[in-house]
Every structure is written in structure tokens, then in C-alpha cells.
Amino acid sequence: MSSEVAARRDAKKLVRSPSGLRMVPEHRAFGSPFGLEEPQWVPDKECPRCMQCDTKFDFLTRKHHCRRCGKCFCDKCCSQKVALPRMCFVDPVRQCGPCALVSHREAEFYDKQLRVLLRGATFLVTFGNSEKSETMVCRLSNNQRYLLLDGDSHHEIDFAHISTVQILTEGFPPGEKDTHTYISLLGSQPVSEGGNARATGMSLQYTVPGVEGVTQLKLTAGEDASANRRQATAWLVAMHKAAKLLYESRDQ
């Protein structure tokens with residue numbers, strides 16, 4: 001990929017919306033799959049009372065809109081200003097209590113797991129039904145849109161084209177069968193936690209534009225107990241969190 005194309009993918013611009021300043025992708029097609037659209041605000045004339053505590057708005061009790069859900073609240077029910085990176089806000093924005101809780105939970109993903117995904121890790125990579133594996137570094141692109149795999153060859157997978165993610169785990173205590181955590185990004189399969197288990201690999205199913213059917217990719221962490229293995233395990237855990245975040249927010 002040329003530096004010019006990479007720069008175009010990562011280009012951003014500062015825009016002002018009714019909710020605040022946002023740093024958004026310059027080209028919408030390269031937006032992060034973790035991003036959320038700004039909600040439509042409930043019109044003032046349709047909310048004479050706080051939508052949580054039912055307090056009537058008047059000259060002294062002002063109404064405020066939650067930047068995450070767009071509903072109307074009084075100051076007491078919508079007083080928290082919380083970071084909302086999924087909508088690309090530059091500064092913390094006003095949110096209602098329930099939305100603030102969700103945003104606080106998501107902060108861990110942006111502060112920790114996302115950085116792990118961007119740094120990448122080394123895996124043995126197998127494409128399709130091939131019996132041959134290639135050592136590759138897998139990481140998330142800077143715009144969070146693509147999985148990049150680099151080794152003797154280079155591959156890019158658009159997150160929007162991934163249909164399923166299967167995290168392979170090694171159960172404890174020794175002797176138990178390996179368990180699998182199955183997450184459907186596009187379907188309605190409930191997310192199941194791996195429990196007391198260690199991630200050992202990941203299987204992806206995705207579509208390629210212009211190619212019929214589904215393509216499968218398997219990543220396997222190394223067997224040694226080196227720093228590379230620990231980094232790979234951390235990357236798999238972060239990928240699990242990413243897939244779960246996308247699953248839980250598919251209807252938002």
C-alpha cells in the first residue's frame with residue numbers, strides 16, 4: 001500500500017456539530033467500525049418533562065440533551081460529561097446516567113485493548129483449507145478499519161466484511177477439552193464467555209468483494225512461553241473485546 005493511499009485512509013477533519021467538536025474521518029468510507037452516528041435530538045417541543053425523573057421544564061429547570069442517546073433530561077439527570085470516542089468527540093460531552101455508564105465501560109477498550117490491537121502481534125496464519133502456515137504480524141490499521149497481515153505476503157481484511165470471529169481457547173485444568181468462544185458480528189448469536197481459559201488462536205470468516213462464498217482465516221499463537229506468545233494472547237483477548245463491542249452495539 002502506497003504512503004499516499006495510507007495517508008488518504010487516515011486523513012481526518014475537525015467539524016462542529018450541535019453536540020460539540022468532532023475529529024472525523026475525511027473520507028466516510030474509511031470510518032472506524034467501532035464508531036457510532038450522532039443521534040437525532042428529541043425536539044424540544046416533544047419533551048416538556050425530563051425523560052428520566054419526569055420533572056417539568058420551566059424557566060429555572062432547563063432541559064439538556066444527552067449526546068449519546070439524544071433524549072431530553074434535566075440537569076440532575078444529565079450532568080455528567082464523559083468522553084465519547086465512538087462518536088469522535090474531541091472533549092467529554094454531556095450524557096445521561098445510563099449512557100455515561102456505557103461510555104465509562106467502553107473507555108477501557110479505547111484506553112487498553114485498542115492500543116494492543118494497533119501494536120499487533122505475531123501469529124502462524126493459515127488461509128482457507130491450506131495445510132501451510134505463514135508467520136505474519138497481524139494488527140489493526142490506524143483508522144481501525146482493516147486487519148493488516150504482513151509476512152512474506154501482505155493481506156488486508158475489511159472489518160465490515162467479517163461475518164464471524166471464533167476465539168480458540170485452552171481450558172483449565174489440564175486434560176479438559178479446548179473450549180471455543182463464538183461471536184457473530186452480524187448475526188444474533190449471544191456472546192458466550194470463555195470462562196477460565198487461555199486464548200490460543202482465532203478463526204475468522206469474511207467475504208472478499210468479487211469473490212463468491214466465505215473465506216476463512218486461522219491465527220495461531222506460538223507454543224513457546226516467550227514475550228511473543230504473551231503479546232499474541234493479549235492481542236486475541238483484545239480482539240475478543242472488539243468483537244463483543246461490535247456485537248453489543250449492532251442495533252445502536
Side-chain angles (χ1 to χ4, degrees), residues 8-114 140-145 158-163 183-191 241-252:
R8 183 170 178 267
R9 283 185 177 183
D10 298 341
K12 294 186 178 183
K13 60 183 179 182
L14 189 65
V15 299
R16 181 180 296 277
S17 74
S19 300
L21 287 173
R22 302 170 65 222
M23 186 65 74
V24 301
E26 193 167 288
H27 303 280
R28 190 180 182 87
F30 298 135
S32 168
F34 306 109
L36 295 175
E37 294 292 333
E38 277 192 90
Q40 290 288 332
W41 283 11
V42 174
D44 288 349
K45 62 182 180 181
E46 294 182 12
C47 52
R49 295 176 177 274
C50 174
M51 300 181 77
Q52 181 164 319
C53 70
D54 205 38
T55 297
K56 185 177 181 180
F57 296 123
D58 55 28
F59 182 73
L60 296 177
T61 306
R62 296 182 56 195
K63 64 183 63 175
H64 301 278
H65 286 86
C66 172
R67 271 50 175 175
R68 185 173 181 120
C69 68
K71 296 178 181 179
C72 284
F73 302 93
C74 65
D75 182 69
K76 182 179 179 180
C77 296
C78 194
S79 60
Q80 299 186 63
K81 289 193 174 183
V82 183
L84 187 48
R86 296 191 70 184
M87 291 185 187
C88 303
F89 284 110
V90 174
D91 301 308
V93 292
R94 188 183 291 270
Q95 297 180 52
C96 65
C99 285
L101 286 175
V102 175
S103 294
H104 277 304
R105 286 199 299 267
E106 292 174 349
E108 181 184 359
F109 172 76
Y110 278 88
D111 292 341
K112 298 179 182 179
Q113 278 82 33
L114 185 56
L140 191 64
S141 64
N142 290 335
N143 64 3
Q144 306 162 21
R145 183 81 193 184
D158 191 328
F159 240 105
H161 296 154
I162 297 176
S163 57
I183 301 165
S184 174
L185 298 183
L186 304 180
S188 57
Q189 179 75 21
V191 176
K241 296 280 188 180
K244 185 176 180 181
L245 182 66
L246 291 177
Y247 172 83
E248 291 177 342
S249 63
R250 68 197 187 284
D251 296 325
Q252 293 186 36

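In this text, all values refer to a predicted model and were calculated from it rather than measured experimentally.
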Would you be so kind as to tabulate the donor-acceptor pairs closer than 3.5 Å made by side chains of residues 90-97, with sequence neighbours excluded?
unit_1, atom_1, unit_2, atom_2, d
Arg94, NH1, Asp75, OD1, 3.2
Arg94, NH1, Cys78, O, 2.7
Gln95, OE1, Ser103, OG, 2.7
Gln95, NE2, Val82, O, 3.0

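- Partner of Lys71 under the side chain to side chain contact (heavy atoms under 4.5 Å, CB included) criterion, chosen from His64, Gln52, Met51: Met51.
- Expressed to the nearest 0.5 Å, how far CZ of Phe159 lies from CG of Asn143 amounts to 11.0 Å.
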inquiry  = Before you tell me yes or no, could you show the steps for Arg105 and Leu101 under side-chain contact (heavy atoms from CB on, under 4.5 Å), namely the whole-Å CA-CA distance, both residues' side-chain angles and the distance that decides it to 0.1 Å?
reply    = CA-CA 6 Å; Arg105 286 199 299 267; Leu101 286 175; 4.3 Å; yes
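- When side chains are defined from C-beta on, Glu106 counts as touching Val102, because their heavy atoms get closer than 4.5 Å.
- To the nearest 0.5 Å, the span separating CG on Leu114 from CG on Leu140 amounts to 6.5 Å.
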inquiry  = Lys12 vs Glu26, test: side-chain contact (heavy atoms from CB on, under 4.5 Å). Steps then yes/no.
reply    = CA-CA 5 Å; Lys12 294 186 178 183; Glu26 193 167 288; 5.8 Å; no
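- Across Lys63 and Cys72, no two heavy atoms sit closer than the pair CD-SG, 4.4 Å.
- At a threshold of 4.0 Å, the pair Arg22-Glu38 counts as salt-bridged, since one of the basic side-chain nitrogens sits closer than that to a carboxylate oxygen.
- Across Arg67 and Pro18, no two heavy atoms sit closer than the pair NH2-O, 4.0 Å.
- Going from atom CG of Leu36 over to atom SG of Cys69 covers 12.0 Å, rounded to the nearest 0.5 Å.
- For Asp158, the salt bridge (Lys or Arg N to Asp or Glu O under 4.0 Å) partners two or more places apart in sequence, or in a different chain, are Arg145.
- For the pair Leu14/Val24, no side-chain contact is recorded, criterion being any heavy-atom separation below 4.5 Å from C-beta on.
- Contact check for Phe57 versus Cys74: side-chain heavy atoms found under the 4.5 Å cut-off.
- Here salt bridge (charged side-chain N to carboxylate O under 4.0 Å, His left out) pairs that include residues 39-56, with residues two or more places apart or in two chains, number zero.
- With rounding to the nearest 0.5 angstrom, the SG atom of Cys66 is 10.0 Å from the CD atom of Gln80.
- Applying the ring-ring contact (aromatic ring centres under 6.0 Å, His included) test to His65 and every residue at least two apart in sequence or in another chain returns Trp41.
- Applying the side-chain contact (heavy atoms from CB on, under 4.5 Å) rule to Pro39 yields the partners Met87; only residues at least two apart in sequence or on another chain are considered.
- The side-chain hydrogen bond (donor to acceptor under 3.5 Å, both in side chains) test applied to Gln144 returns Ser32, not counting sequence neighbours.
- The stretch residues 72-109 participates, sequence neighbours left out, in these ring pair (Phe, Tyr, Trp, His ring centres under 6.0 Å) pairs: Phe34-Phe109.
- With sequence neighbours excluded, the residues that form a side-chain contact (heavy atoms from CB on, under 4.5 Å) with Thr55 are Cys50, Cys53, Thr61.
- Not counting sequence neighbours, the partners of Glu37 by the salt bridge (Lys or Arg N to Asp or Glu O under 4.0 Å) test are Arg28.
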